[in-house]
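A quick write-up on the structure given underneath.
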Amino acid sequence: ALQQADTAIDKILQLRGELPMEVESLENEIADLKAKAARVSELIDEFNKSITESKHNITECDAQIEKYKAQLENIANSREYDSLNKEIENQGYVRQIAEKIIHETKERILEKKTELEAVKERTAVKSDDLKAKKEELATIVEATSAEEVAEATEPEAGEDSAPAEE
């Protein structure tokens with residue numbers, strides 16, 4: 001009788017199969033995807049801060065260039081003139097670098113936003129899969145729980161009644 005009960009319980013567990021492990025695996029995968037989405041969002045925020053800094057640098061460069069151009073009007077010798085022109089040229093280069101950084105950063109933001117959307121889509125799909133697996137597992141557990149309890153208590157009842165017969 002004990003062997004029959006164990007066999008019945010094994011059949012019930014076999015009916016559940018790999019479902020509990022699949023549910024756990026999906027939960028872990030969803031958690032990983034959510035963590036990745038959070039990391040990508042943080043990167044996008046950092047990129048936006050970088051763009052803001054670069055725009056600030058451009059503003060400063062423009063102010064410096066205007067200052068140097070104003071000084072060009074009041075120069076005394078060619079050395080000052082050459083020096084101011086070099087400063088204007090250098091500030092122009094710094095401005096170009098900042099513009100290039102902004103452009104490249106905007107491209108990276110677009111890439112990361114695309115990646116973020118893909119991660120969100122995969123998370124939604126996995127969440128739907130998880131929901132379906134949990135429902136399936138709940139249905140199987142509900143259907144087999146009464147049998148499992150009956151099979152688990154049956155050997156105990158049989159063991160108790162066996163000594164009474166002797």
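Taking 4.0 Å as the cut-off between side-chain N and carboxylate O, Glu115 and Lys112 count as a salt-bridged pair.
For the pair Ile109/Asn48, a side-chain contact is recorded, criterion being any heavy-atom separation below 4.5 Å from C-beta on. Contact annotation: the side chain of Leu43 approaches that of Glu46 to within less than 4.5 Å [non-hydrogen atoms, C-beta and beyond]. Under the 4.5 Å side-chain criterion, counting only non-hydrogen atoms from C-beta, Ile51 is not in contact with Ile101. Side-chain contact between His103 and Lys106: absent, with no pair of heavy atoms (C-beta onward) separated by less than 4.5 Å.
Across Val23 and Leu130, no two heavy atoms sit closer than the pair O-CD1, 3.5 Å. For the residue pair Lys113 and Ile44, the shortest heavy atom distance occurs at CG-CD1, 3.7 Å. Residues Ala37 and Val119 share a closest heavy-atom pair of CB-CG1, 3.9 Å. In plain terms, the two heavy atoms of Tyr81 and Leu72 that are nearest each other are CD1-CD2, 3.5 Å.
To the nearest 0.5 Å, the span separating CD on Gln71 from CD1 on Ile88 amounts to 8.5 Å. The distance from atom CZ of Arg122 to atom CG of Asp32, rounded to the nearest 0.5 Å, is 10.0 Å. Note: Glu99 CD to Ile97 CD1 = 10.5 Å, rounded to the nearest 0.5 Å. Going from atom CD1 of Ile75 over to atom CG of Asn77 covers 7.5 Å, rounded to the nearest 0.5 Å. Of the inter-residue distances, the one linking Glu136 atom CD with Lys131 atom NZ reads 14.5 Å to the nearest 0.5 angstrom. The structure places CG of Leu26 at 6.0 Å from CG of Asp129, a figure rounded to the nearest 0.5 Å.
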_Test salt bridge (Lys or Arg N to Asp or Glu O under 4.0 Å) on Glu111 and Arg108; report intermediate values, then the result._
CA-CA 5 Å; Glu111 290 171 8; Arg108 288 157 102 194; over 6 Å; no
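When atom types are taken as modelled, the side chain of Thr139 and the backbone of Glu135 share a donor-acceptor pair closer than 3.5 angstrom. For Ser25 (side chain) and Met21 (main-chain N/O), no donor-acceptor pair under 3.5 Å exists by modelled atom type.
Only one option out of Glu24, Glu22, Glu29, Glu27 pairs with Lys133 in a salt bridge (Lys or Arg N to Asp or Glu O under 4.0 Å); it is Glu22.
Cluster partners of Val94 are absent, since no Ile, Leu, Val, Met, Phe, Trp or Tyr has side-chain heavy atoms less than 4.5 Å from it.
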Which atom pairs, donor and acceptor, lie under 3.5 Å between side-chain atoms of residues 53-62 and protein residues at least two apart or in another chain?
residue	atom	partner	partner atom	Å
Ser54	OG	Ser50	O	3.2
His56	NE2	Glu60	OE2	2.6
Thr59	OG1	Lys55	O	3.0
Asp62	OD1	Arg95	NE	2.5
Asp62	OD2	Arg95	NE	3.4
Asp62	OD2	Arg95	NH2	3.3

